[in-house]
Amino acid sequence: MRVSQLFNVTLREAPAEAEVASHQLLVRAGFIRQLAAGIFSYLPLGRRTLTKIENIMREEMNAIGGQEMTMPVVHPADIWKETQRWYQIGTEMGRFKDKNNRDMVLAMTHEEVVADIVRKDIRSYRQLPRLIYHIQTKWRDDPRPRAGLIRVREFTMKDSYSLDADWEGLDKQYRAHYQAYFNIFHRCGIPVIAVKSDVGMMGGKMAHEYMYLTPIGEDTLVICDNCGYSANRQIAFFKKTPPPPEEPLPAEKVYTPEAKTIEALANYLQIPKQKTAKAVFMVATLPDDGGYKDTFIFAIVRGDMELNETKLANILKAKELRSATEEEIIATGAVPGYASPVGLKDVLVVVDDLIQQSPNLVAGANEEGYHLKNVNYGRDYSANIVADITAAQDGDACIRCGAPLRTARGVEVGNIFKLGTRYSDAMGCTFLDKDGVEKPIIMGSYGIGSGRLMACIAEEHHDDQGLIWPITVAPYEVEIVSLGGHQSEKVQTVADRLYQEFLDRGIEVLYDDRDESPGVKFMDADLIGIPIRLTVSERTVQQDAVEFKRRDQSEKRLVQLSEVYATVKHEIELLHQEIRSKVIEVPFEG
RNA sequence: CGGGGCGUGGCUCAGCCCGGCUAGAGCACACGGUUCGGGACCGUGAGGUCGGCGGUUCAAAUCCGCCCGCCCCGACCA
C-alpha cells in the first residue's frame with residue numbers, strides 16, 4: 001500500500017480526552033476513531049491489525065477442534081427470558097422493540113443463541129463433543145467506558161462454546177482453551193496470567209480470567225509469588241490469622257464522641273483496628289418467591305479489613321447489591337457511625353468468619369456518641385449468615401502456602417467459564433446418551449475481546465515515538481520510506497522497484513511515497529510502528545543500498561540492493577522466532 | 001447512579017472571572033515559491049450557528065437556568 005493512497009491521517013497531538021498511551025497512540029497513528037463514548041471505528045490500519053489478531057484466534061481455535069460460524073447480533077428477547085437473563089441483567093443490556101412491538105435484544109454474548117441451535121439440532125451423544133465459535137459484535141452498555149479501547153460498549157469478541165456429554169469432556173475442552181488462550185496472547189506478544197475469577201452474570205462452576213498486568217488495569221488481582229496462587233480480588237481467598245484467645249469480658253458502654261469511623265475510633269480509644277468491628281450497610285436484591293425483594297443487609301467485618309462485595313453478593317445469591325443510603329440506615333433503627341449488631345431486628349446480619357474468633361471487640365452502641373467494648377459474637381449477638389466476606393489485601397497470607405500476597409492491577413483480555421448445565425437446563429438442551437437416558441448438554445463458554453487485546457498490545461509495545469507492533473499483528477511487515485523521491489528519479493526508481501518486488505513476493509509492505517520532508521516521514525513511520533523500516537535516499541542509492549532499521553532497535557545499517565529481499569525475509573523470520581519463543585506450555589492451575 | 005472536569009474551524013488551545021470592535025494563535029488543509037536524513041520556511045487562501053435551547057441586557061463565546069455530549073475518580077461490569 002502506498003501511503004499517498006492510504007485512508008489515514010496521523011495526528012501530531014493526541015485528543016484531549018485520551019489519557020492512556022494505547023488510546024493516544026492508536027488515535028494519533030490513525031488506527032481508530034471515536035464515534036461516541038465506548039463506540040469506535042477501526043480505520044484501515046487498525047482493521048489490518050484486528051484481522052491479524054482474529055486470524056491468530058482462528059488458528060488456535062481450529063487447532064483445538066473449533067468450528068467457525070456466525071450468530072446474529074439481534075436476538076428476540078424470548079430466549080433471554082427463558083434463561084432469566086432478560087430479568088437479571090439491568091441497563092447493560094441493549095433492548096428495543098421491532099416494528100411489531102416485539103422485545104428485541106442486542107447480543108451481549110451468545111449462550112442463548114447457541115443453546116437454541118443446540119436444542120433443535122443435537123439429539124445424540126454421537127453428535128458430541130463439539131466446539132463452535134464465532135467472531136462477532138457485542139453490545140454491553142457499560143455505565144463507564146474508559147481508556148480508549150480498554151473498556152468500550154460495542155466490541156468484537158471471539159467467543160467459543162463447548163458442548164459435551166459429560167463433565168470429563170467439559171474439563172478436557174476447558175483445559176484445551178486454557179492453553180490455547182495462552183498461545184493466542186503470547187503470539188500477540190503480550191504476557192498474561194490466568195487467575196481464578198467470579199462467574200458473574202455468566203453463572204456456572206469455574207472460571208479463569210486472563211489478565212494483562214498493567215497499572216492502567218481496572219481489576220485488582222491477588223498474586224502469591226511463592227506458590228503461584230492468583231485470583232481476582234473479587235473472589236480471592238486468603239488465610240486469616242485469628243487473634244490469641246481471650247476470656248470474654250463483660251460488655252461495657254464507653255463514651256466516644258466524634259468517633260464515627262474506625263480510624264477515629266481506634267485513635268480515640270488507643271486500640272488497634274483489629275479490636276474493632278466495622279458495620280457496613282448494604283441493600284441486596286434477593287430472589288423472593290418468583291420475584292425479587294430488596295433486603296437490608298448488615299455486614300460486619302473486623303475493623304482492619306474490608307468488605308468484599310462480590311463475595312457477599314455471591315453468598316446472598318443477590319441479583320444486585322449496593323450501599324445503603326443514610327435514610328435507609330436510619331429507618332432500620334441503626335445510628336450511622338455508631339451502628340451496632342447488638343439488638344437489631346428485621347435485618348439480615350452477615351458476619352465475616354473471622355469475627356467469631358475475635359473476642360472482645362469494640363462495636364457501635366446504636367447511640368450517638370457511644371460504643372460498646374468487649375462485644376462477643378454468640379453472646380451479645382448472632383448472625384443469619386457467617387461466611388468469608390472480606391477482601392484480601394496486600395500482605396495477607398496466601399491461602400495455599402501462607403506467604404504474603406501481592407496485589408496488582410490488570411486488564412482482563414479473556415475469560416473461560418465452565419457453564420455446566422445452566423443454559424441447557426433453562427432452554428432444554430438435551431441429548432440421548434449411550435444408555436438411552438436423556439441428559440443435559442454440558443456447556444462451556446470462552447471469550448476474548450479483540451479490540452481490547454489490540455489496545456493491550458499497544459500498551460505493552462510502544463515508546464515515546466509511537467507504536468512498535470509485534471510482527472504477528474503489525475498492519476504491514478515492512479515500510480519503505482523514500483526520501484527525495486520526487487526530486488531524484490534514481491531514488492524514485494529504486495523505491496518503486498523495491499516496493500513492486502515485495503508485493504510480487506508476498507511481503508506486506510507499506511510504501512511512503514509522499515512528497516513530504518524526511519522528518520515527517522520518519523515521525524509517521526515511528527508513530528505507526530511497522531516492525532521493519534527501509535529507507536531509500538540519494539545517499540543510499542549512491543551505494544546501491546538501502547538503510548535497514550528495526551522499529552524496536554535503534555541501530556541502522558546499510559543493506560545492498562541485491563540482498564534486500566533476503567535480508568528482510570530473514571529479519572521477518574527472526575521477529576517471528578522471538579515471538580514463538582514466548583509461546584510456552586503453562587501448567588493448569590485449577 | 002454519586003463526585004470532579006471540559007465543550008470555541010479537522011487537532012491542541014487562548015479569549016470567559018471583569019459582557020462591547022471583523023472571535024484569535026499554532027498544527028493540519030488548498031495554491032505558488034524556496035527547501036529536502038528526524039514533525040522546514042515565506043506568501044496567499046479556505047474553514048467557526050463559540051455543544052443546544054431558553055433567559056437577562058441596548059449588546060452574550062463571556063452572566064443566569066435547563067438540557068445534551070465527552071473525559072476522569074468511585075459505584076458497577078464478561
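Numbers restart at 1 for each chain; the letters A, B, ... are given by sequence-line order, proteins then strands. What you see is a predicted model, and the numbers here were worked out from it, not measured in a lab.
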> Tell me what A:Thr540 touches on the nucleic acid: a base, only sugar-phosphate, or nothing, going by heavy atoms under 4.0 Å.
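Base: the residue A:Thr540, judged by heavy atoms under 4.0 Å, touches a nucleobase.
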
> Going through the distances and angles, do A:Thr220 and A:Arg409 end up as a side chain to side chain donor-acceptor pair (under 3.5 Å)?
CA-CA 5 Å; A:Thr220 302; A:Arg409 304 276 282 179; 3.2 Å; yes

> Watson-Crick or G-U wobble partner for B:C17, using a 3.5 Å limit on both distances?
none

> Tell me: CZ of A:Phe548 to C1' of B:G37, nearest whole Å?
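Distance check: A:Phe548 CZ to B:G37 C1' gives 18 Å.
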
> Counting side-chain heavy atoms from C-beta on, which of B:C70, B:G37, B:C77 comes nearest to A:Leu483?
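Output: B:G37.
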
> Among the candidates B:A40, B:G39, B:C76, find the nucleotide nearest to the side-chain atoms of A:Asp142.
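Within the option list, the nearest is B:C76.
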
> Choosing from B:C72, B:A40, B:G38, which nucleotide comes nearest the side chain of A:Val520?
B:A40

> When you measure from the side-chain N and O atoms of A:Gln34 to the phosphate of B:C71, is any distance below 4.0 Å, counting only OP1 and OP2?
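Checking A:Gln34 against B:C71: at least one side-chain N or O falls below 4.0 Å of OP1 or OP2.
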
> Ignoring hydrogens and angles, tell me if any N or O in the side chain of A:Arg422 forms a donor-acceptor pair with the backbone of A:Thr83 under 3.5 Å.
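Yes.
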
> Under 4.0 Å, counting only non-hydrogen atoms across every strand here, what does A:Arg533 touch: a base, just sugar-phosphate, or nothing?
base

> B:G26 and B:C64: how far apart are their P atoms, nearest whole angstrom?
32 Å

> Consider only side-chain N and O atoms of A:His134 and A:Lys158, and report whether a donor and an acceptor are under 3.5 Å apart.
no

> Which nucleotide, if any, forms a Watson-Crick or G-U wobble pair with B:U35, using both distances under 3.5 Å?
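None - no nucleotide pairs with B:U35, as no candidate has both distances under 3.5 Å.
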
> Any strand counts, and the cut-off is 3.5 Å on both contacts for Watson-Crick or G-U wobble. Which nucleotide pairs with B:C63?
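In the structure as shown, B:C63 has B:G55 as its Watson-Crick or wobble partner.
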
> Record whether the side chain of A:Thr535 comes under 3.5 Å of the base of B:G37 through a donor-acceptor pair of N or O atoms.
no

> Measuring centre to centre across the rings, with the benzene-like ring taken for any Trp, is A:Tyr210 within less than 6.0 Å of A:His177?
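No, the ring centres sit 6.0 Å or more apart.
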
> Whom does B:A46 pair with, Watson-Crick or G-U wobble, provided both distances fall under 3.5 Å?
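Pair assignment: B:A46 / none.
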
> Between A:Ser445 and A:Glu111, do the side chains contain a donor N or O and an acceptor N or O under 3.5 Å apart?
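Yes, because at least one side-chain N or O of A:Glu111 sits under 3.5 Å from a partner of the opposite role on A:Ser445.
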
> For A:Asp515 and A:Arg144, take the nucleotide of RNA chain B holding the closest heavy atom to each; which residue's nucleotide lies nearer the 5' end?
A:Asp515

> For nucleotides B:C63 and B:G19, find the distance between their C1' atoms and express it as a whole number of Å.
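These two C1' atoms come out 8 Å apart once rounded.
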
> Would you measure the distance from the C1' atom in B:A28 across to the matching atom in B:G45 and give it in whole Å?
15 Å

> Both distances below 3.5 Å, Watson-Crick or wobble geometry, any strand: find the nucleotide opposite B:G26.
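For B:G26, the partner nucleotide comes out as B:C11, under the 3.5 Å rule.
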
> Only pairs with both distances under 3.5 Å count, Watson-Crick or wobble alike; so what is the partner of B:C70 in this structure?
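Because both required distances fall under 3.5 Å, B:C70 counts as paired with B:G5.
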
> Considering every strand and a 4.0 Å limit on heavy-atom distances, what is the contact class for A:Gln487: base, sugar-phosphate, or nothing?
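Contact class for A:Gln487: base.
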
> Classify A:Asp526 by what it touches in the nucleic acid, base, sugar-phosphate, or nothing, heavy-atom distance under 4.0 Å.
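If one applies the 4.0 Å heavy-atom cut-off, A:Asp526 turns out to touch a base.
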
> Please confirm whether any donor atom in the side chain of A:Arg28 sits under 3.5 Å from an acceptor in the base of B:G39, or the reverse.
yes

> With a 4.0 Å cut-off on heavy atoms, is A:Glu13 in touch with a base, just the backbone sugar-phosphate, or nothing at all?
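A:Glu13: base contact, heavy atoms under 4.0 Å.
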
> Name the nucleic acid region contacted by A:Ala18, choosing base, sugar-phosphate or nothing; use a 4.0 angstrom heavy-atom cut-off, strictly under.
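Answer is nothing: A:Ala18 stays at 4.0 Å or more from every strand.
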
> When the C1' atoms of B:C50 and B:C13 are compared, how many Å lie between them, rounded to an integer?
14 Å

> What contact category does A:Phe155 fall into here, base, sugar-phosphate, or nothing, at under 4.0 angstrom with non-hydrogen atoms?
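Base, at least one base heavy atom under 4.0 Å.
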
> Please answer whether the main-chain N or O of A:Phe182 pairs with a side-chain N or O of A:His186 as donor and acceptor at a distance below 3.5 Å.
yes

> Between A:Ile389 and A:Leu307, does the side-chain contact (heavy atoms from CB on, under 4.5 Å) criterion hold? Intermediate values first, please.
CA-CA 6 Å; A:Ile389 55 167; A:Leu307 176 69; 3.8 Å; yes

> Is B:C77 paired to anything, Watson-Crick or G-U wobble with both distances less than 3.5 Å, and if yes, which nucleotide?
none

> Mind checking the P distance from B:G52 to B:A23? Whole angstroms is fine.
16 Å

> Should the side chain of A:Glu516 and the base of B:G39 be counted as holding a donor-acceptor pair, with the cut-off at 3.5 Å?
no

> Tell me what A:Ala147 touches on the nucleic acid: a base, only sugar-phosphate, or nothing, going by heavy atoms under 4.0 Å.
sugar-phosphate

> Go through B:G38, B:U12, B:C76 for me and flag the one nearest to the A:Phe522 side chain.
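Of all the options, the side chain of A:Phe522 is nearest to B:G38.
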
> Under 4.0 Å from OP1 or OP2 of B:C73: is there any side-chain N or O of A:Arg146 that close?
yes

> With a cut-off of less than 4.0 Å, is there a side-chain N or O of A:Arg12 near OP1 or OP2 of B:A28?
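A:Arg12 to B:A28 OP1/OP2: side-chain N or O found under 4.0 Å.
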
